[in-house]
**Student:** 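Input: one structure, supplied below.
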Amino acid sequence: MIRLKFARRWALLLNWSCCLLVATAVMAQQPESRDMKLTGFHDLHGRGAYQPVIQEQGGRWIAYIGHHGGSARNPLTGANEPSGTSLIDVSDPAQPRYVHHIPGDGGGAQMVRVCKGSDLPRADRGKVYLLRTLGHAAHEIWDVTRPENPARVVTVADGLRGTHKNWWECDTGIAYLVSGVSGWRTSRMSQIFDLGNPAQPVFIRNFGLPGQQPGASGEVPTGLHGPISTGPKGNRVYFGHGTNSDGILQIVDRDKLLKGAKESTPENLLYPQAGRFDLPPGYGAHTAFPVTGMEIAGARRDFVVVTNEALGDGCGGTRQKVWMIDVTEEARPRVTSTWELDDKPGNFCARPGRVGAHSSHESFTPIYYRRIMFIAHFNAGVRALDIRDPYRLQEIAYYVPATGGRTVTTNNVEVDERGYIYIVDRHGGGMHILELSGAARKVANFR
């Protein structure tokens, strides 16, 4: 009798597990969402996408999408082109219109930043400029004033061993390029240029962690993932180092960085550093997004939202997540809260693809700033976090695209000044344009 009861219970458990897997498979054929809805979609011609940037120019809204390597047919030309940069008119987000593709070099052109000449200090005021990577070997400037007919302006740097997430200050022209420079002991450090006149780049300095510079010895510190600057007003540059391990948040005095001694000695590399926070060894620092000037209990406090990047499929290893770090006292940063996706309701561990966080949006639009962070979460789509209480992050909305026969890999997310949310897929699942709805929309600052 005992064996019979045990057998029945085991059969029920197996039946429940099978039903859960079937239900998950059925769910994945349809979008899954909470307080976030689909407004528009473009397949990007099946190209794997990395960085989206959305720019208003000439009364139009243009989405610039950086792509991973590979190639695909461009329907506008009929030619098979190495994946580079897609330019899409999203003025009507419900009907995105592909206007041009700038081919890459076979290694893609993952990173894009855009500045108007009217914002830059010494540029042609009637033009719009695109800064992009070219594979892992170069950084370029393009004139994209007419998105249908871009023209290359100049190669800023080439002969590199790596590139990644750049930052460009449109008001000053200072650009922080992630590069691998010959002689340096890492493929990701920072080259700093003055691109106030994009046609005439002016090199300022190389910068990295002590131990990465030429001639150093011993262990090489983890490589740079990307910087974000608060410009002259904030006078800080926040560098995120590491991917899914050995993460470092480095807080740098911008003025000292630009005006200090340029020779790459350990002393000169440390001189601009105002603070540093080393994450536990199993976590990286893919994106370090500053959220400064938050009013907490009547006091002004500064935070950085650090997002890790998951690398492996499934749920093995350390789960990469989101960290809220108080940097008000820069010499002593401290974690106030973390957020990790509960994978069980969606059974994401059983789904194909990477499980864990990747990146956050990087726009300072007042609609979301100090209120909501959007996190690209690979096979769990995009997740919206309410950060108004930095001691207790809460998920308030999400959107997981339908698989369409593919593995969902939401790679990066960005928002525009209208409040639309753009997510792009790493493995050819296209670009989804989303809107907040319901209770989540009330957290934002729509006017």
Side-chain angles (χ1 to χ4, degrees), residues 33-36 225-230 234 236 238 240 247 249 251 275 277 279 283-310 319-330 333-342 356-378 380-399 410 412-423 434-447:
S33 65
R34 170 190 164 198
D35 285 350
M36 199 180 297
H225 228 105
I228 296 180
S229 172
T230 59
R236 288 294 181 266
Y238 298 90
L249 164 63
I251 307 166
F277 181 82
L279 278 75
Y283 298 95
H286 180 285
T287 311
F289 183 77
V291 184
T292 59
M294 294 190 73
E295 293 294 330
I296 308 295
R300 180 188 182 278
R301 304 201 69 82
D302 298 332
F303 297 86
V304 177
V305 180
V306 171
T307 307
N308 313 143
E309 177 182 0
R319 187 70 55 82
Q320 302 300 303
K321 56 187 179 181
V322 179
W323 305 67
M324 199 78 172
I325 301 177
D326 188 330
V327 297
T328 310
E329 298 177 60
E330 294 178 325
R334 63 187 183 91
V335 178
T336 58
S337 60
T338 65
W339 178 84
E340 178 180 335
L341 176 70
D342 181 0
H358 182 203
S359 62
S360 72
H361 77 272
E362 298 176 358
S363 167
F364 288 84
T365 174
I367 294 173
Y368 299 122
Y369 194 59
R370 303 189 186 99
R371 293 170 175 267
I372 300 175
M373 291 296 301
F374 295 93
I375 310 298
H377 219 280
F378 287 133
V382 60
R383 324 301 288 200
L385 304 184
D386 183 343
I387 65 166
R388 291 175 298 172
D389 179 354
Y391 302 92
R392 186 170 176 265
L393 305 183
Q394 296 187 71
E395 181 181 274
I396 56 172
Y398 62 83
Y399 186 92
T410 298
N412 270 278
V413 56
E414 191 51 280
V415 301
D416 69 19
E417 294 288 336
R418 301 173 295 178
Y420 292 109
I421 306 147
Y422 300 76
I423 60 173
L434 309 167
E435 291 181 75
L436 288 181
S437 58
R441 190 174 181 89
K442 296 177 183 177
V443 178
N445 186 30
F446 288 97
R447 294 179 178 176

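Just so you know, these numbers use all the heavy atoms, side chains as well, and skip hydrogens, waters and symmetry mates.
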**Student:** For a 4.5 angstrom cut-off between non-hydrogen side-chain atoms, does E295 reach R300?
**Tutor:**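 Yes, their side chains come closer than 4.5 Å.
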
**Student:** What distance do I375 atom CD1 and K321 atom NZ have between them, rounded to the nearest 0.5 Å?
**Tutor:**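 These two atoms lie 13.5 Å from each other.
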
**Student:** Write down the atom of A310, the atom of G356, and the distance for their closest heavy-atom approach.
**Tutor:**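 Minimum heavy-atom contact is CB-CA, 3.7 Å.
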
**Student:** Identify the heavy atoms of A376 and V413 that sit nearest to each other, and give their distance.
**Tutor:**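 So the minimum-distance heavy-atom pair works out to N-CG1, 3.7 Å.
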
**Student:** Could you check if a side-chain atom of I251 sits within less than 4.5 angstrom of a side-chain atom of R236, using non-hydrogen atoms only?
**Tutor:**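 Answer yes - side chains close enough.
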
**Student:** Between T230 and P290, which heavy-atom pair has the shortest distance, and what is it?
**Tutor:**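 Nearest pair, atom of T230 first, then P290: CG2-CG, 3.9 Å.
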
**Student:** If the condition is side chain to side chain contact (heavy atoms under 4.5 Å, CB included), which residues does R418 pass it with, not counting sequence neighbours?
**Tutor:**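 Side chain to side chain contact (heavy atoms under 4.5 Å, CB included) check on R418 returns W61, V90, P93, D416, Y420, Y422.
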
**Student:** Rounded to the nearest 0.5 Å, what separation is found between the CZ atom of R441 and the CD atom of E435?
**Tutor:**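 Going from CZ on R441 over to CD on E435, the span is 5.5 Å.
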
**Student:** Starting from the C-alpha separation in whole Å, work towards a yes-or-no answer on side chain to side chain contact (heavy atoms under 4.5 Å, CB included) for H358 and N412.
**Tutor:** CA-CA 7 Å; H358 182 203; N412 270 278; 3.6 Å; yes

**Student:** Ring pair (Phe, Tyr, Trp, His ring centres under 6.0 Å) with F303: which residues, sequence neighbours excluded?
**Tutor:**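 Once residues adjacent in sequence are excluded, F303 has no partner under the ring pair (Phe, Tyr, Trp, His ring centres under 6.0 Å) criterion.
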
**Student:** Before you tell me yes or no, could you show the steps for L341 and F378 under side chain to side chain contact (heavy atoms under 4.5 Å, CB included), namely the whole-Å CA-CA distance, both residues' side-chain angles and the distance that decides it to 0.1 Å?
**Tutor:** CA-CA 11 Å; L341 176 70; F378 287 133; over 6 Å; no

**Student:** Do Y391 and I296 make a side-chain contact, defined as non-hydrogen atoms from C-beta onward lying under 4.5 Å apart?
**Tutor:**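 Yes, their side chains come closer than 4.5 Å.
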
**Student:** Does T328 use its side chain to pair, donor to acceptor, with the backbone of D302 at less than 3.5 Å?
**Tutor:**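 At least one qualifying donor-acceptor pair exists.
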
**Student:** Side chains of T410 and H377: closer than 4.5 Å at any heavy-atom pair?
**Tutor:**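 No - every pair of side-chain heavy atoms lies 4.5 Å or more apart.
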
**Student:** Please examine the side chains of R392 and S337, heavy atoms only from C-beta on, and report whether any two atoms are closer than 4.5 Å.
**Tutor:**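 Answer no - side chains too far apart.
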
**Student:** Between L279 and G284, what is the shortest heavy-atom contact and its length?
**Tutor:**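 Looks like CD2-O, 3.4 Å.
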
**Student:** Between N308, T307, T338, which is the residue that forms a side-chain hydrogen bond (donor to acceptor under 3.5 Å, both in side chains) with W323?
**Tutor:**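 Answer to the side-chain hydrogen bond (donor to acceptor under 3.5 Å, both in side chains) test with W323 among N308, T307, T338: N308.
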
**Student:** Is there side-chain contact between T292 and Y369, with at least one heavy-atom pair below 4.5 Å?
**Tutor:**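 Yes, side chains in contact.
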
**Student:** Could you check whether R383 makes a cation-pi contact with Y398, meaning its NZ or CZ is under 6.0 Å from the centre of the six-membered ring and within 45° of the ring axis?
**Tutor:**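 Output yes; distance and angle both within limits.
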
**Student:** Could you give me the CA-CA distance, side-chain angles and deciding distance for F374 and L436, then say whether side chain to side chain contact (heavy atoms under 4.5 Å, CB included) is met?
**Tutor:** CA-CA 11 Å; F374 295 93; L436 288 181; 4.0 Å; yes

**Student:** Angle class for the H286/H225 ring planes (parallel below 30°, perpendicular above 60°, tilted otherwise)?
**Tutor:**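 The arrangement is tilted - the two ring planes meet at 30° to 60°.
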
**Student:** Measuring from atom OG1 of T336 to atom CG of D326, what distance do you get when rounded to the nearest 0.5 angstrom?
**Tutor:**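 Separation between the atoms: 6.5 Å.
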
**Student:** Less than 4.5 Å apart, any side-chain heavy atom of V305 and any of L385?
**Tutor:**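 The answer is no, as the side chains (C-beta and beyond) never meet within the 4.5 Å cut-off.
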
**Student:** Decide side chain to side chain contact (heavy atoms under 4.5 Å, CB included) for I228 and E362; before the verdict, give the C-alpha distance in whole Å, the side-chain angles of both, and the deciding distance to 0.1 Å.
**Tutor:** CA-CA 8 Å; I228 296 180; E362 298 176 358; 4.1 Å; yes

**Student:** Kindly indicate whether the side chain of I367, heavy atoms from C-beta on, has any atom under 4.5 Å from the side chain of R447.
**Tutor:**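 Sidechains of R447 and I367: no contact.
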
**Student:** Is Y283 reaching over with its side chain to a backbone N or O of Q320, donor-acceptor style, under 3.5 angstrom?
**Tutor:**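 Looks like no, no N/O pair under 3.5 Å.
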
